[in-house]
Structures are given as C-alpha cells and as structure tokens.
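To keep things clear, I will list the structure first and then write my remarks on it.
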Amino acid sequence: MAIQQKLINYLNQLLKHAHDSIKGYKDAARNLTEGSLKDFFIERAREKMVLRDALVEEIYRLEGKPIEAGSFLNLFQRSWKNFKTSLDHDNEKEIAKYCLEEEKKAIHDFGVLLRNPELVSADFFTVLEAQHDKNLAASKALIERIKA
C-alpha cells in the first residue's frame, strides 16, 4: 500500500506538470502571431491534454485522487515569461527557450516510469512512451527553432 501511495503521489506530480504544460503552451500560442510555431504550440497543448487524461485515469485506477490544477509557482513563472516576452523583440526565440526547458523537465520526469513499466498499467505505459517520443521530437524542433 505504501508503494501504491508513493506511485499515486508521483503520478500527481506528473499531472501537475501536465496541467502547467497545457497552460504554458496555450500562453505561448497566444503570445505569437500566426505561423508554424504557434501551430506547434497548439499541437503540444493538445498532446499534453492526452497525457493529462491518461494520468487522471491511471490515478483513479490506482484508487487515488488526481489533483485538479497546476502549481502556483508555475502560474507566477508563466506570468513573468509572458511579461518578459511581450517586451522582447525576439519573442519567438524566448518563448521557444522557455518551452524547451519545460520539455526537458518532462523527459526527465518520465524516466522513472519508463525504466519501470511494471509500476503502471500497459495502457498508460503506451501513452507515456508516445508522449516521451513526442517530447524528444518537440525538444529537437525547439532547439532548431532557437538556432535559426
């Protein structure tokens, strides 16, 4: 039971990050004019919603209670980034850098579960693997965007 509770807590941390990522990508898309980067951020928000829904389902499967919102600290950080990017002339690059940091966190956070698939259901693990691959691809795309 103690291991199950630790797993639920860990999944709730991932869920909190998913909530924050969704809001962050929506904010990033709002801060850009039309274009491929805006579309990229909208798609990333959708992908994070898939992860959020899978996390909620997995937490319920483990008889836990999913958290309902992201962190207050991330709200403050997003507000600061929104303000900062509104002043920056190289808006796209700053936004891409911020999102890259978020992707790196997600890749790191998924590591524990990806190395221990027996901890979660097969369905959730499949979603997690797909999200991990998308996070890696998103990170590469953001790095290319920053370099350009």
Side-chain angles (χ1 to χ4, degrees), residues 1-32 37-86 88 91-147:
M1 186 67 173
I3 292 173
Q4 183 173 339
Q5 189 56 47
K6 285 182 181 182
L7 180 57
I8 290 167
N9 291 342
Y10 186 72
L11 293 173
N12 265 320
Q13 287 299 313
L14 294 177
L15 180 57
K16 181 170 45 171
H17 182 75
H19 284 302
D20 290 340
S21 294
I22 292 165
K23 291 173 186 168
Y25 276 116
K26 285 181 177 180
D27 286 350
R30 269 193 296 274
N31 282 321
L32 296 172
L37 191 58
K38 182 180 183 99
D39 295 340
F40 174 81
F41 290 146
I42 291 168
E43 182 58 29
R44 290 302 295 150
R46 285 186 188 125
E47 290 167 0
K48 296 295 183 176
M49 287 179 199
V50 170
L51 175 63
R52 177 201 58 203
D53 295 346
L55 281 161
V56 167
E57 188 176 310
E58 186 70 5
I59 292 167
Y60 278 133
R61 186 189 70 77
L62 294 167
E63 300 176 358
K65 183 175 188 252
I67 61 167
E68 296 180 14
S71 67
F72 178 74
L73 177 60
N74 194 271
L75 172 64
F76 175 74
Q77 289 172 331
R78 277 195 331 275
S79 297
W80 171 249
K81 288 292 180 188
N82 287 339
F83 174 71
K84 184 178 171 186
T85 55
S86 71
D88 194 340
N91 201 11
E92 286 188 12
K93 189 174 184 178
E94 279 300 311
I95 294 170
K97 283 181 181 178
Y98 175 70
C99 291
L100 178 60
E101 290 304 313
E102 292 302 309
E103 289 300 334
K104 286 179 180 177
K105 286 180 197 172
I107 290 167
H108 177 267
D109 291 347
F110 291 168
V112 171
L113 294 177
L114 290 170
R115 288 187 303 271
N116 300 288
E118 70 281 356
L119 293 175
V120 293
S121 69
D123 289 341
F124 179 73
F125 188 77
T126 301
V127 170
L128 190 63
E129 276 186 316
Q131 284 293 316
H132 181 68
D133 292 344
K134 290 175 182 179
N135 288 344
L136 291 172
S139 294
K140 288 177 186 175
L142 288 167
I143 289 169
E144 291 303 314
R145 189 65 167 208
I146 291 167
K147 286 181 182 178

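Numbering of residues begins at 1 and proceeds along the displayed sequence. Computed from heavy atoms alone, side chains included, the values below leave out hydrogens, waters and symmetry copies.
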Open item on the list: Restricting to non-hydrogen atoms, name the atom on A18 and the atom on L55 that form the minimum distance, rounded to 0.1 Å.
Closed with: CB-CD1, 4.2 Å
- [ ] For A45 and I22, work out which heavy atoms get closest and say how close.
- [x] O-CG1, 4.0 Å
Task: Any S139 side-chain heavy atom under 4.5 Å of I107 side chain - done: yes
Open item on the list: Do F110 and L51 have side chains that approach each other closer than 4.5 Å (heavy atoms only, starting at C-beta)?
Closed with: yes
Under 3.5 Å, side chain of [X] to main-chain N/O of [Y], donor-acceptor pair present?
X	Y	result
K38	A29	yes
N135	E103	no
E58	L11	no
N12	K65	yes

TODO: Step by step, work out the side chain to side chain contact (heavy atoms under 4.5 Å, CB included) result for F125 and L114.
DONE: CA-CA 8 Å; F125 188 77; L114 290 170; 4.0 Å; yes
Task: Side-chain ion pair, R30 and D27, N-O less than 4.0 Å - done: yes
- [ ] Anything under 30° is parallel, anything over 60° is perpendicular, the rest tilted; go ahead and classify Y25 against F40.
- [x] perpendicular
Open item on the list: Tell me which one of E101, E102, H108 satisfies side-chain hydrogen bond (donor to acceptor under 3.5 Å, both in side chains) with K105.
Closed with: E102
Open item on the list: For a quick check under 3.5 Å, do N9 and Q5 share a side-chain donor-acceptor pair by atom type?
Closed with: yes
